[in-house]
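Side-chain atoms are counted along with the backbone in the values below, which use heavy atoms only and exclude waters and symmetry mates.
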Amino acid sequence: MCHHPGVSAIKQVPAGPDPQVGIGMVCPFDMATDRELWRWMPEGVSLYFTRTGFLDAPVDVPLCRELNDHRQIAAAVRSVLAVDPRVVGYACASGSFVDGVAGAHALSDCMRAAGARAAVTTSEALLQALDVMAIGRVAIATPYTSALTALLGDFLAESGRQVVADAELGRDHEIWTIPYSRTCELIRAADHPDAEAVFVSCTNLWTYDILAAMEAELGKPVLSANQVTAWAALRAAGVVSRALPHSDRQLLFARAA
């Protein structure tokens with residue numbers, strides 16, 4: 001038993017703590033939605049967040065290319081290696097699609113070269129999710145400028161998908177302040193009868209509490225950047241079979257082995 005002066009002894013010391021599965025997560029300097037990634041995590045998984053260095057620029061193509069700096073990504077990965085994560089994710093959609101499919105793969109290669117046991121970027125996670133769900137026609141909803149939205153479309157086209165529609169908000173700052181009501185309007189505007197799914201881009205955009213309702217309304221999967229990032233990281237860590245929020249919905253979580 002544990003004793004401390006002036007404190008009653010614990011009658012029965014609990015077993016544990018239980019073993020945990022660690023996932024490192026490299027985020028852009030301005031990411032304000034860490035809590036959303038935590039909400040996707042099942043019991044027994046811990047997230048170890050780290051960030052890239054500050055950049056004084058609007059959220060547009062030049063900034064996203066700077067977020068792709070391999071030296072900064074490698075340094076961020078090394079900052080979490082002491083706690084031995086099973087996988088390290090790069091939680092940034094635009095920073096990983098801005099240089100195409102090869103650029104996304106080069107980022108995860110860089111992370112593994114820096115010492116990550118396994119690595120996945122948000123954009124690679126999206127492609128994995130679409131593969132698992134056998135989805136080829138996608139509508140995209142983004143908070144971005146038109147230039148960034150176009151690059152996401154190019155990325156998906158390069159991967160063999162057809163972007164049948166898109167909608168954007170044109171925001172280049174403080175994306176985390178966008179309310180759910182506006183994001184729902186954005187998703188509705190992006191949807192198209194030919195789209196098999198809608199992808200909501202940007203890990204700095206809150207989506208967790210609206211995905212189920214939007215799927216029910218549109219009658220198709222609505223995937224978000226944080227959702228696929230969480231799923232792919234869990235999958236790489238070998239724990240995706242654990243219960244996840246919304247597992248009763250038409251989501252890739254229920255379909256992935």
Side-chain angles (χ1 to χ4, degrees), residues 25-37 39-40 51-52 54-68 89-100 103-104 121-127 129-130 138-157 161 163-192 195 197-215 217-218 220-231:
M25 201 62 73
V26 177
C27 301
F29 68 96
D30 64 342
M31 184 163 165
T33 56
D34 306 40
R35 178 165 55 93
E36 178 152 297
L37 281 167
R39 295 180 74 185
W40 292 111
R51 277 172 164 69
T52 60
F54 173 75
L55 296 168
D56 187 9
V59 180
D60 211 338
V61 176
L63 171 69
C64 294
R65 289 228 156 92
E66 289 195 65
L67 288 174
N68 209 341
Y90 179 45
C92 184
S94 56
S96 55
F97 69 61
V98 68
D99 286 328
T121 66
T122 296
S123 297
E124 290 172 309
L126 170 60
L127 299 186
L130 296 176
V138 187
I140 55 176
T142 88
Y144 307 138
T145 63
S146 57
L148 266 183
T149 301
L151 285 178
L152 173 56
D154 292 345
F155 174 86
L156 287 165
R161 277 77 182 185
V163 177
V164 299
D166 63 63
E168 66 204 34
L169 295 180
R171 288 286 290 269
D172 65 2
H173 65 286
E174 296 185 351
I175 288 170
W176 67 90
T177 66
I178 295 170
Y180 277 149
S181 59
R182 188 71 186 93
T183 304
C184 287
E185 293 170 1
L186 173 69
I187 294 168
R188 293 185 189 104
D191 187 33
H192 188 279
V198 179
F199 173 61
V200 189
S201 194
C202 192
T203 54
N204 220 1
L205 183 68
W206 301 98
T207 58
Y208 185 95
D209 292 307
I210 62 174
L211 295 180
M214 293 309 301
E215 286 195 340
E217 178 181 325
L218 302 181
K220 65 186 64 174
V222 178
L223 308 177
S224 77
N226 278 328
Q227 178 194 44
V228 297
T229 302
W231 168 77

Quiz prompt | Student check: side-chain heavy atoms of Ile210 and Thr183 closer than 4.5 Å | solution = yes
Practice problem: Please confirm whether the backbone N or O of Ala212 pairs with a side-chain atom of Glu215, one donor and one acceptor, at under 3.5 Å? | Solution: no
Practice problem: Work out which heavy atom in Thr145 is nearest to a heavy atom in Val59; give both atom names and the distance. | Solution: CG2-O, 4.0 Å
Quiz item: Within the distance-only criterion (no hydrogens, no angle test), does the side chain of Glu66 pair as donor or acceptor with the backbone N or O of Leu63 below 3.5 angstrom?
Solution: no
Check: residues 27-36 side-chain donor-acceptor pairs under 3.5 Å, at least two apart:
| unit_1 | atom_1 | unit_2 | atom_2 | d |
| --- | --- | --- | --- | --- |
| Thr33 | OG1 | Thr203 | O | 2.5 |
| Asp34 | OD1 | Arg51 | NH2 | 2.7 |
| Asp34 | OD2 | Arg51 | NH1 | 3.2 |
| Asp34 | OD2 | Arg51 | NH2 | 3.2 |
| Glu36 | OE1 | Thr207 | N | 2.9 |
| Glu36 | OE1 | Tyr208 | N | 3.0 |
| Glu36 | OE2 | Thr207 | N | 3.2 |
| Glu36 | OE2 | Thr207 | OG1 | 3.0 |
| Glu36 | OE2 | Asn226 | ND2 | 3.2 |

Quiz item: Taking atom types as modelled, is there a side-chain donor on Asp166 or Thr149 under 3.5 Å from an acceptor on the other?
Solution: no
Quiz item: Of all heavy-atom pairs between Ser201 and Phe97, which one has the smallest distance, and what is that distance?
Solution: OG-CE2, 4.0 Å
Practice problem: Report yes or no: do Ser96 and Thr122 form a side-chain donor-acceptor pair below 3.5 Å? | Solution: no
Exercise. Taking all non-hydrogen atoms of both residues into account, name the closest pair between Pro143 and Leu186 and its distance.
Key: N-CD2, 4.3 Å
Exercise. Report the C-alpha separation of Arg182 and Glu185 in whole Å, then their side-chain angles, then the decisive distance to 0.1 Å, and conclude whether the salt bridge (Lys or Arg N to Asp or Glu O under 4.0 Å) test is met.
Key: CA-CA 5 Å; Arg182 188 71 186 93; Glu185 293 170 1; 3.2 Å; yes
Self-check item: Donor-acceptor pair, side chain of Arg171 and main chain of Glu174, under 3.5 angstrom
Solution: yes
Quiz item: What is the minimum heavy-atom distance between Leu148 and Ser94, and which atoms define it?
Solution: CD2-CB, 4.1 Å
Practice problem: List for me each residue that meets side chain to side chain contact (heavy atoms under 4.5 Å, CB included) alongside Leu218, sequence neighbours excluded, and say none if there are none. | Solution: Ile187, Asp191, Val198, Met214, Lys220, Val222
Practice problem: Specify the closest pair of heavy atoms between Ala165 and His192, including all atoms of both residues, with the distance to one decimal. | Solution: CB-CB, 3.7 Å
Quiz item: Quick one: does Trp176's side chain have a donor or acceptor within less than 3.5 Å of a partner on Trp206's backbone?
Solution: no
Quiz item: Looking only at heavy atoms, which two atoms of Ser123 and Phe155 are closest? And how far apart?
Solution: CB-CZ, 3.5 Å
